[in-house]
Amino acid sequence: MKRKLKHKISESLEMPKEVVLDIPCIRIIGTEEVEIENHKGIVEYNSNIVRVSSNIGTIQIKGENFIIKEISQDSIVLSGKVENVNLSNE
């Protein structure tokens, strides 16, 4: 119920849903970069897999040669060869 109200508010105020609903926004730039906004922290990190917690589940990025290019309280930017991005409700 609360989520539906926030969704309607975001639409009526023309605000981005990811901001109002506090859900992740994932941008994939080719096969070389992934940016995740509204994350809750890194769960696992190595050069071939990165798992990031969010309000809607765990975001898993698979690939090769990952490095954390930028990290802040609000966003994470990864670079490397991105092969797969998956969301699970663990």
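Note: hydrogens, waters and symmetry copies are ignored here, and every other heavy atom, side chains too, is used.
- The side-chain contact (heavy atoms from CB on, under 4.5 Å) search around Asn84 returns Lys62, Asn86, not counting sequence neighbours.
- Contact detail for His39 and Ser72: the closest heavy-atom pair is NE2-O, 2.9 Å.
- Of all heavy-atom pairs between Asn89 and Ile56, the closest is OD1-O, 2.7 Å.
- Atom CD of Glu32 sits in a sparse spot, with 12 or fewer heavy atoms from other residues, nucleotides or ligands closer than 6.0 Å.
- Taking 4.0 Å as the cut-off between side-chain N and carboxylate O, Glu37 and Arg27 count as a salt-bridged pair.
- Distance check, rounded to the nearest 0.5 Å: CD1 of Ile76 to CD of Glu70 gives 11.0 Å.
- Heavy-atom minimum distance, Asn38 versus Pro24: CB-CA, 4.0 Å.
- Scanning all heavy atoms of the two residues, the minimum distance from Asn48 to Asn46 falls at N-OD1, 2.7 Å.
- Considering all non-hydrogen atoms of both residues, Ile49 and Phe66 come closest at N-CD1, 4.0 Å.
- In this structure, CD1 in Ile28 is found 8.5 Å from CD1 in Ile61, a value given to the nearest 0.5 Å.
- A distance of 8.5 Å separates CD1 of Ile71 from CG of Leu78, quoted to the nearest 0.5 Å.
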Problem - Residues Gln60, Ser88; criterion side-chain contact (heavy atoms from CB on, under 4.5 Å); working and verdict - result: CA-CA 8 Å; Gln60 179 175 279; Ser88 63; over 6 Å; no
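- Both Val50 and Val85 are assigned to one and the same hydrophobic cluster, defined by single-linkage of ILVMFWY side chains at heavy-atom distances under 4.5 Å.
- Considering only residues two or more places apart in sequence or on other chains, Glu44 meets the side-chain hydrogen bond (donor to acceptor under 3.5 Å, both in side chains) condition with Arg51.
- Here the options are Ile29, Val52, Ile26, the test is side chain to side chain contact (heavy atoms under 4.5 Å, CB included), and the partner is Val34; only Ile26 passes.
- Under the 4.5 Å side-chain heavy-atom criterion for grouping Ile, Leu, Val, Met, Phe, Trp and Tyr, Ile67 is not connected to Val43 through any hydrophobic cluster.
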